[in-house]
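Single-structure report; data block below.
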Amino acid sequence: MDVFASTDGPESDGHEQVVFCQDKQTGLRAIIAIYSTALGPALGGTRCYPYDSEAEALHDVLDLSRGMAYKNALAGLDLGGGKAVIWGDPERIKTEPLLRAYGRFVESLNGRYYTACDVGTYVADMDVIARESRFVTGRSVEHGGAGDSSVLTAWGVFQGMRAAAEHAWGSPTLAGRRVGVAGLGKVGKQLTGHLIDDGAAVVATDVNERAIAWVRQAYPQVDVVADTEALITSDIDVYAPCALGGALDDATVPALRASVVVGAANNQLAHPGIEKLLADRGVLYAPDYVVNAGGVIQVADEIEGFNFDRAKLRATGIYDTTREILRLADAEGVPPAVAADRLAERRMAEVGRLRTIHLR
Ligand SMILES: NC(=O)c1ccc[n+]([C@@H]2O[C@H](COP(=O)([O-])OP(=O)(O)OC[C@H]3O[C@@H](n4cnc5c(N)ncnc54)[C@H](O)[C@@H]3O)[C@@H](O)[C@H]2O)c1
């Protein structure tokens, strides 16, 4: 096995540690990036993806680990931000020896990095990795884990939406509003349930026929539209992107009928500057990484021994955090995405600094 750790490479961009992991026998090639441990051990999932090159994998893991530091900081967790990528096709490479070899690299960091599921890795994979490492979350319920993190992700997005509704219309409810849900996957389905329970009308779309069949059966009152374009140009008050990243781009934002955007998808802003375009058009955007933190709150709870009620209570706090960010954005005259980054940076700096007060 080879381990190479670096903090000062040209790409590292403020990261504390970047570890290249290789095990020729199993074919493992992975990179673990720790952006910050200012608030505690770095937590972030392991993505398994067939990148075109190592440079592309490195770029992704550096970006993702920075994002996790901000997400965990605003989720109120005593955890820093990290992420890992395993380079390869998840359908082909994920053998028991490869995952266990990866687990030994996670273990070798001695708790500076906790892993979890991400694109291409699942609860069952975490159970295998956990046979070699104590620093694994997102495990199955049978193994003491939190199971599927979409439960509290959807709950948290709903809380963020309540805060945005209050900011926009004076009352923390979606009752009487029309909400467009793009993507009826694990999160979108559960979000739809919360919205219906709250008295909202839901318009939805998905590219998957099974998802559409599900919604027609579970919630016949939901209006199904052909695609995202039809959704965003329909008469909706709130747009909830719950499919892929990049949902808000130069074409989408001018076409939006909704005056509020709150959804589960990661990296909704297609490029820097979109947050300003939204603000200029009077669209209230609750930052994705703030409102979709319920999943990381859920898996982080495993570190203390998973307790669903405690985790749900913490995810409910996304309502207060979103309110605070929207208030700060108004007070400082900046888009909410900028206010969120500032608040996260402030918490990392101010709380992280306390470690210089030595206890012994
Ligand atoms: N699951 C979690 O705990 C969690 C946590 C944080 C963020 N997120 C993010 O939330 C989003 C949804 O996550 P999920 O777990 O529900 O994923 P999922 O894969 O279960 O669901 C995604 C759904 O979007 C649909 N979709 C894909 N392209 C589409 C398109 N162009 N138009 C309409 N629908 C489309 C898919 O068919 C699928 O039903 C993702 O961006 C994910 O990264 C999820």
Side-chain angles (χ1 to χ4, degrees), residues 43-49 60 63-64 67-68 70-72 74-75 77 81 83 90 116-123 126 137-139 145-161 180-194 202-216 218 222-234 239-249 251-252 261-270 286-302 308 311-312 314-315 318:
L43 169 66
T46 299
R47 180 164 294 192
C48 184
Y49 191 77
D60 205 26
D63 252 15
L64 292 165
M68 285 309 299
Y70 281 71
K71 181 185 285 205
N72 294 345
L74 283 193
L77 298 170
K83 200 94 181 186
C117 303
D118 195 68
V119 174
T121 59
Y122 304 92
V123 166
M126 293 305 127
T137 67
R139 288 162 299 153
D148 178 6
S149 65
S150 65
V151 177
L152 290 187
T153 300
W155 180 246
V157 171
F158 176 58
Q159 298 306 321
M161 206 181 280
V181 178
L184 291 165
K186 294 184 289 298
V187 180
K189 282 177 178 160
Q190 296 176 78
L191 178 63
T192 298
H194 297 316
V202 175
V203 187
T205 191
D206 198 293
V207 288
N208 183 318
E209 280 173 20
R210 274 196 313 239
I212 296 299
W214 173 87
V215 81
R216 284 196 202 282
V222 168
D223 269 350
V224 174
V225 294
D227 52 29
T228 304
E229 197 187 336
L231 184 92
I232 61 163
T233 53
S234 71
Y239 171 39
C242 295
L244 308 176
L248 300 165
D249 60 21
T252 314
V261 177
V262 183
N266 279 313
N267 305 326
Q268 287 169 36
L269 305 175
D288 46 16
Y289 74 82
V290 177
V291 301
N292 73 14
V296 78
I297 290 173
Q298 181 167 333
V299 298
D301 200 81
E302 277 181 54
F308 181 78
K312 185 172 181 185
R314 287 181 179 161
I318 290 174

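For ligands, and for the atoms within them, numbers begin at 1 and follow the listed sequence. Small disclaimer: the values here were computed from a predicted structure and weren't measured. These numbers come from the heavy atoms of this one structure, side chains and all, not from hydrogens, waters or symmetry mates.
Ligand-side atoms of ligand 1 in range of Leu184: 39 (O), range being under 4.0 angstrom from any heavy atom. For ligand 1 and Ala265, the ligand atoms under 4.0 Å from any heavy atom of the residue are 9 (C), 10 (O), 11 (C), 41 (O). With ligand atoms numbered from 1 in the order given, ligand 1 contributes 24 (O), 34 (N) to contacts under 4.0 Å with heavy atoms of Gly183.
Scanning Val119, Asn208, Asp206 for the heavy atom closest to atom 38 (C) of ligand 1 points to Asp206. Here atom 2 (C) of ligand 1 lies nearest to Thr153 when heavy atoms of Thr153, Asp118, Asp227, Asp288 are compared. The nearest non-hydrogen atom to atom 40 (C) of ligand 1, considering only Gly295, Ala243, Ala264, Ser150, comes from Ala243. Residue Cys242 holds the heavy atom nearest to atom 12 (C) of ligand 1 of all those in Pro241, Gly188, Cys242.
Note that the CG atom of Leu43 and the CD1 atom of Ile297 stand 11.0 Å from one another [nearest 0.5 Å]. Once rounded to the nearest 0.5 Å, the distance linking CD of Gln190 with CG of Leu184 reads 11.5 Å. Annotation: the span from Gln268 atom CD to Leu244 atom CG amounts to 11.0 Å, rounded to 0.5 Å.
Scanning all protein heavy atoms for the shortest distance to atom 13 (O) of ligand 1 gives Val187 CG2, 3.9 Å. Looking from atom 17 (O) of ligand 1 to the surrounding protein, the closest heavy atom is Lys186 NZ, 3.9 Å. Closest to atom 6 (C) of ligand 1 among all protein heavy atoms lies Asn292 O, 3.6 Å. Of the protein's heavy atoms, Val207 CG2, 3.7 Å lies nearest to atom 28 (N) of ligand 1. The nearest protein atom to atom 43 (O) of ligand 1, hydrogens excluded, is given as Asn266 ND2, 3.1 Å; this is a heavy-atom distance. For atom 21 (O) of ligand 1, the closest non-hydrogen atom of the protein is Gly185 CA, 3.1 Å. Looking only at heavy atoms of the protein, atom 32 (N) of ligand 1 is closest to Thr228 OG1, 3.4 Å.
Heavy atoms only, all atoms of each residue included: Ala240 and Leu191 are closest at CB-CD2, 4.1 Å. Considering all non-hydrogen atoms of both residues, Val262 and Val157 come closest at CG1-O, 3.8 Å.
Just one of Asp223, Val222, Val224 meets the side chain to side chain contact (heavy atoms under 4.5 Å, CB included) condition when paired with Val202; it is Val222.
Looking at Ser149 next to ligand 1, an N or O pair under 3.5 Å apart turns up.
Applying the side-chain contact (heavy atoms from CB on, under 4.5 Å) rule to Ala182 yields the partners Thr205, Thr228, Leu231, Tyr239; only residues at least two apart in sequence or on another chain are considered.
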Stepwise side chain to side chain donor-acceptor pair (under 3.5 Å) test for Thr121 and Asp118: CA-CA 5 Å; Thr121 59; Asp118 195 68; over 6 Å; no
Side chain to side chain donor-acceptor pair (under 3.5 Å) between Asn267 and Asp288, intermediate numbers included: CA-CA 7 Å; Asn267 305 326; Asp288 46 16; over 6 Å; no
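Salt-bridge check for Asp148 with Lys186: failed, with every basic side-chain N at 4.0 Å or more from each acidic carboxylate O.
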